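Encoded as structure tokens, the structure appears first; notes follow it.
By convention in this document, chain letters (A, B, ...) are assigned in the order of the sequence lines, proteins followed by strands, and residues within each chain are numbered from 1. Since the model is a prediction, treat every value here as computed from it, not as a measurement.
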Amino acid sequence: MLELYSGPLDVPEILKRWYENEENSNYGAYIPFVGTVRAEDSIEALSFDIYEPILDSWFKAWEEKAGQKGAKVVMAHSIGDVPVHTSSYIAAVFSPKRRVALELIDEFVEDFKASAPIWKYDIIKGERIYAKDRSTCIKGSGLLGEVK
Amino acid sequence: MLELYSGPLDVPEILKRWYENEENSNYGAYIPFVGTVRAEDSIEALSFDIYEPILDSWFKAWEEKAGQKGAKVVMAHSIGDVPVHTSSYIAAVFSPKRRVALELIDEFVEDFKASAPIWKYDIIKGERIYAKDRSTCIKGSGLLGEVK
Amino acid sequence: MVRVEFLGPIQKESLELEAKSLRDIADILSQDDELKEWLRTSAVAVNDTLVSSLDIKLNDGDKISLLPPVCGG
Amino acid sequence: MVRVEFLGPIQKESLELEAKSLRDIADILSQDDELKEWLRTSAVAVNDTLVSSLDIKLNDGDKISLLPPVCGG
């Protein structure tokens, strides 16, 4: 399950709904990761663009990977502006066993950061500035820049 | 914050309250770990005994360890019977940065399993049977059994 | 004709181009100075699948997307 | 007199004993066959602090706790 929302996430509602969805699925461990926008460098908000077709296929590959371990991944992300001290990202893993869950949430969140086609902007004095310095080139980047 | 409850945990309420407590603390990552009782080996429930004085000091040491990294740990656990498909344990980490949070939740949950003075029993046909095979000797165990 | 789309922060309208392979696309786009840095740092998808070779043949109607450095969460 | 408490699954009432050190406690408890396995697998706390040496001196009123193998969560 991949959920996209305009603006900040309703964290308690999402955590509760995901928990209750799987309450009787006999998973022993549920680990959500909640990302909240920090007040730093005088930003008012972060803002996000998402390219959904590739996000969908990236997420589907992770659903399969988790499924092979008897686990399940779910994710929610914001599109557009997310003010400081509100949340833009929740990922969660359900698994029968805790080790699988602890390892999977770590790998998932790190791969999300490195690969998910989402672009972040700082909102400062109403201006939307690409967060270039905190962004990561997707694996294989530069293909079109290598020519002679 | 260490919370002990008689019977199963109200997971949505706890996850929501902890999130809202720290909403304005400028933590970028909130990672709860929720442990749910699995239906296996025909158990009806698990049951827990806790020795609070040593659990308290174990937890205080973790609060300090987390604090040194700018992070915070919180925990809730059940005392007594917890039926299958309900939850007995929630630990959570708050941290400015995701790597600290991901590493801390893993270390915390593993040390909890190895060291926290909590004893688990299977409830099968109303009988309370010590889960000896799944239990771990606390570090330094056997001191009184070493004599001549 | 194929269509080239620039995602996220690349402030550029889509292009319709004649191209037989990704190599043709590379040749055409590298003539645009504003794109130079983006070409070095962007990943490339053909019809929404990330690719890693310039030798990929293109067909009429294919969609090529440039994905600049990402930062979700 | 010191007090020895058996925690969790060790089904045994507390004991009041005369003992000057943990070694004395070990000597006394090891005579109880029912406790043998618990002694091998339990950790020991004096006044709610886990300890790792038998040479620890005990004072009147001290509390010694035996903590058998744990499994929280």
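Side-chain atoms of A:K113 do not come within 3.5 Å of backbone N or O of C:C71 as any donor-acceptor pair.
At a 4.5 Å heavy-atom cutoff, the contact between C:L29 and chain A is made by side-chain atoms alone. Interface remark: A:A114 contributes backbone atoms only to the contact with chain C (heavy atom separation under 4.5 Å). Interface remark: C:T41 contributes backbone and side-chain atoms alike to the contact with chain A (heavy atom separation under 4.5 Å). Interface residue C:L66: only side-chain heavy atoms are found under 4.5 Å from chain A. Heavy atoms of C:S53 lying under 4.5 Å from chain A belong exclusively to its backbone.
Of all residues spanning residues 10-39 of chain A, none has a heavy atom less than 4.5 Å away from chain C's heavy atoms. Near-neighbour residues of residues 125-137 of chain A relative to chain C, defined by a heavy atom under 4.5 Å from a heavy atom of that chain, comprise A:Y130, A:K132, A:R134, A:S135, A:T136, A:C137. Proximity to chain C at a heavy-atom threshold of 4.5 Å picks out A:S57, A:H77 from residues 56-86 of chain A, in numerical order. Near-neighbour residues of residues 6-16 of chain C relative to chain A, defined by a heavy atom under 4.5 Å from a heavy atom of that chain, comprise C:L7, C:G8, C:P9.
Within the 4.5 Å cutoff, the side chain of A:Y51 has heavy atoms near those of the C:D48 side chain.
Here the closest heavy-atom approach between residue A:L143 and residue C:V51 is recorded as CD2-O, 3.8 Å. The two residues C:P68 and A:W119 have their closest heavy-atom pair at O-NE1, 2.8 Å.
Ranked by heavy-atom pairs under 4.5 Å with chain A, the list C:S42, C:S65, C:S52, C:A45 is led by C:S42.
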- Message: Could you walk me through whether A:I118 and C:V70 satisfy the side chain to side chain contact (heavy atoms under 4.5 Å, CB included) test, starting with their C-alpha distance in whole Å, then the side-chain angles of each, then the deciding distance to 0.1 Å, before giving a yes or no?
- Response: CA-CA 5 Å; A:I118 302 180; C:V70 296; 5.6 Å; no
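Within the model, atoms CD1 of A:I54 and CG of C:L50 stand 4.5 Å from one another, a figure rounded to the nearest 0.5 Å. Atom CD1 of residue C:I64 and atom CG of residue A:L144 lie 9.0 Å apart, to the nearest 0.5 angstrom.
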